[in-house]
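Quick caveat, the model's predicted, so the values are computed rather than measured.
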Amino acid sequence: MISKKISINTQIADKYKNKSRNSNVFVVKLPKGNGSGNTAIPLYKISPGNGNLLNTGKTYSERPSNTYSSSESEDIILRAKELLAKARLQADSIIQSAMEEKNKYKDESKKYVRKTDSLQNLVERKVFENQLNEMEGVSKKNMRKLQDQNEKLKKLLSKEKFTQKDSLVIIENRLESTELFMEDLDEQLKQAELAGDTVLVAELSEKIKDLAPELELMRKQRDEFQKKIIQKEKELKMQAQRLYLSVGLALLLLVVAFILLIFYKNKKKSNKVLGEKNTTLNKQKEEIRLQAENLSLANKEITRKNTVLTEQKEQIEEQHEHIRASVKYASSIQSAILPVETDMQKVLDYFIIFSPKDVVSGDFYWYSEIPKESLSSDTKEAVITAAIDCTGHGVPGAFMSMIGSRILNEVIYEQKIHDTAQIMTMLDAGVKKSLKQDQGKNNDGMDISMCRIEKLTNGEMRVIFTGAKRPLFIYDSEKQKLETVKGDRRSVGGKPKKRTVPFTNKEFTLKKDSIIYMTTDGFIDQNNPKRTRFGTPRFEKFLSAMHAMPLEKQKIILQAEMKDYMQDEEQRDDMTVIGVKNS
């Protein structure tokens, strides 16, 4: 009965697809089966004029059942497909009709746009706008049709989906009942076996054996029906997506129509603006062309200058390499004028910190032994030592250090002058003469801390100190404190002054373990990243704290402290510190 009705409906649907306006398409509205009695099923038809569903007033009857055979299940799926196919045919027909009307008005709109552009006729433009308004009304009408069909499709899909799930529930209920019955038989079989009733065991075993194939068949039917329902749901979703896409396309066409109207209204204005922009653009192109020519000339000039700069750079690098080699050689010459430490170690217990800022240094230190025939009877050995800071650092300072070393050689070794104040006076005169400072503008000079150190026969140490703007630091082991002795307030060298302070000697006798320290200003004036000087108080504090340590260890501590204090800060001047202990 069901298969026959579906076959008839399919044929009528094919006629409707071929646009037979007089055909009646009958659609079966599926009821919800209640498991008992006859159910009257109403028949519907689709109106060819507007596509609405109409009740024909006719019905047919079928007797629902709680069970479905394999063929009946296939009929249910086939019936659902038929309903979806009919709805799709209706939607496709309406969409196709709307697209044809849309394309028709689109072609007409293009024709009117061309006419309006060529004639610029206000009347024709008004007609074009009216046509667009009519097209908008037709599009809205077609949109309403699509919306009506969408609602009908949703109702049909909802009913069909509910019916399929209801059928699945019936199959699952019957399967569950059969499984429960099977479990009951198994339980009875176990009890019969325990009771030893062989007749009942045989009877129950036979029932279980007969029921097992039926149960397996029902499970297969359930699984197949579930798969079909899942597949059907996927198909329904795809159909719904297609319908939504059609609706979206219709909306897009409507938006395009409005955009065409706006585009036309602004076209004339845009053309005028475009013309002005083209004029401006041509002017800018000409300016760019001239700029490009100028840039080309500038590039050629830059290339020529780069070539010259490259050649000059190579020459400068070559000159720089020569200068570096010369400075390096000057450093070796300057090192040669410094005292030989093995000679100093024979007489003194000492340490020296000598840290130039550059390759060559404006600082240097001096050491010379006094011949024994020049010593008094209570003196075993005597030396002259000094820490000397020349004006400037690097190459200028190095030249000054060479001049100072040469004059000291003349005064001490050739003229055999061993009095520190007199040595300073002769050195001052020699620097001024060498640099012709009484005639020119040169004002370079030296700051010096110089001592004559005499080791006495009684174990004491006599120190005669002369300072040119540099002090002498003395740790007196007898007084157990650090003292600072200021030098004279003048430098060695420089322009002559009206009132010149003479150099003076300051004499001290120190007990065993006393220490003297001579320095240039580089160590004390060095700053940290906060631009704060190391300072004399900090330096004196370290000397006081280290007096009991060996001199070599004192040197290490002072160097480490200065490194920590500077951190990443650049060294600002040459550094020289000399310590001598009466040991």
Excluding sequence neighbours, so at least two apart, what forms salt bridge (Lys or Arg N to Asp or Glu O under 4.0 Å) with E570? K357
State which residues pass side-chain hydrogen bond (donor to acceptor under 3.5 Å, both in side chains) with N528; sequence neighbours excluded, sorted by chain then number. none
Who passes salt bridge (Lys or Arg N to Asp or Glu O under 4.0 Å) against E373, sequence neighbours left out? none
Could you list the residues that satisfy side-chain contact (heavy atoms from CB on, under 4.5 Å) with I316, not counting sequence neighbours? none
side-chain hydrogen bond (donor to acceptor under 3.5 Å, both in side chains) involving D525 - partner list, sequence neighbours excluded: R533
Residues passing the salt bridge (Lys or Arg N to Asp or Glu O under 4.0 Å) test with K511, sequence neighbours excluded, are E460
Can you confirm whether the side chains of S361 and D363 place a donor and an acceptor under 3.5 Å from each other? no
Can a salt bridge be assigned to the pair D521 and R572 using a cut-off of 4.0 Å between side-chain N and carboxylate O? no
Does anything in residues 548-559 form a side-chain hydrogen bond (donor to acceptor under 3.5 Å, both in side chains)? List the pairs, not counting sequence neighbours. Y517-Q554
Please name all residues satisfying ring pair (Phe, Tyr, Trp, His ring centres under 6.0 Å) with H418, sequence neighbours left out, ordered by chain then number. none
For E414, give me all partners under salt bridge (Lys or Arg N to Asp or Glu O under 4.0 Å), at least two apart in sequence or on another chain. none
Would you please name every residue forming a side-chain hydrogen bond (donor to acceptor under 3.5 Å, both in side chains) with N306, sequence neighbours left out? none
Could you tabulate the donor-acceptor pairs under 3.5 Å formed by side-chain atoms of residues 479-486, not counting sequence neighbours?
residue: K479; atom: NZ; partner: E483; partner atom: OE2; Å: 3.3
residue: T484; atom: OG1; partner: E540; partner atom: OE2; Å: 2.6

Would you mind listing every ring pair (Phe, Tyr, Trp, His ring centres under 6.0 Å) that reaches into residues 462-483, with sequence neighbours excluded? F473-F539, Y475-H547
Quick one: do K432 and D428 make a salt bridge, cutoff under 4.0 Å? yes
